[in-house]
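Report on the following structure.
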Amino acid sequence: ATLIYISLSKLIRMSVAALFPVSIVSANGTRWMWLHDGNMEYLDGRHLALVAFALLLLICIIFPYTAILLFSPWLQRFSHMKYLLWVNKLKPFLDNYQAPYKDQFRYWTGATFLFRFILCCISTYYSNDPDVILVAIIVLHVSIILVAGIAVYKNWMLSMLESFFHINMTIMATFLLYYRGSDEFGKSIV
């Protein structure tokens with residue numbers, strides 16, 4: 001389960017990065033290029049194959065996996081129905097993710113995947129504007145802190161550890177956003 005969790009994050013980042021274009025305005029007009037390689041036209045030749053593979057990953061692996069983790073508590077509630085019997089076969093796999101959570105928060109792993117997907121889209125699209133990325137990080141981590149503040153884990157130490165992690169990320173992003181505007185920011189890095 002941990003290996004899939006780590007691998008899925010990388011797959012999300014690669015799939016999202018393949019989908020974003022950038023427009024280049026020149027004397028000849030506007031051309032759409034791939035955001036990460038200005039030499040490759042968007043949806044042309046090799047990039048079309050890359051986009052097709054990225055969409056295949058998103059549609060066949062990333063979205064269903066996230067949706068199953070997010071909605072599994074509700075799917076398991078109705079798994080006695082004929083068209084949801086397949087959920088019972090996934091129960092041992094889902095229990096690996098959901099065991100540390102309280103029963104009412106078993107959707108939390110899927111929610112964190114969804115937060116990660118949103119943050120990945122924002123950071124890829126606004127890659128040239130780090131202020132937007134930092135604000136998105138702050139907003140997402142503050143929202144996670146507010147939800148995690150109600151103790152989603154059975155063990156209170158895990159809840160404290162996750163809250164500490166998100167508070168730490170929020171403080172670091174806030175300081176980074178604050179100090180980016182000052183002249184001393186560049187001097188402190190060098």
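L75 places none of its side-chain heavy atoms less than 4.5 Å from the side chain of M81. The shortest distance between side-chain heavy atoms of L19 and L58 falls below 4.5 Å. Within the 4.5 Å cutoff, no side-chain heavy atoms of R106 are placed close to those of S72.
Results of the side chain to side chain contact (heavy atoms under 4.5 Å, CB included) test with L114 over L69, T109, L70 single out L70 as the only residue that passes.
To the nearest 0.5 Å, the span separating CZ on F117 from OG1 on T112 amounts to 14.0 Å. Here the CZ-CG distance, from F78 to L85, works out to 14.5 Å after rounding to the nearest 0.5 Å. Here CG of N96 is found 11.5 Å from CG of L90. Values are rounded to the nearest 0.5 Å. Interatomic distance, CG of L50 versus CG of L43, reported as 10.0 Å (0.5 Å rounding).
Contact detail for Y153 and K102: the closest heavy-atom pair is O-CE, 3.3 Å.
With a 6.0 Å radius and a threshold of 12 heavy atoms from other residues, nucleotides or ligands, M157 has its CE atom at or below the threshold. Counting non-hydrogen atoms of neighbouring residues, nucleotides and ligands closer than 6.0 angstrom, the CE atom of M14 exceeds 12 such neighbours.
I59 and L57 fall into different hydrophobic clusters, defined by Ile, Leu, Val, Met, Phe, Trp and Tyr side-chain heavy atoms under 4.5 Å apart, directly or through other members.
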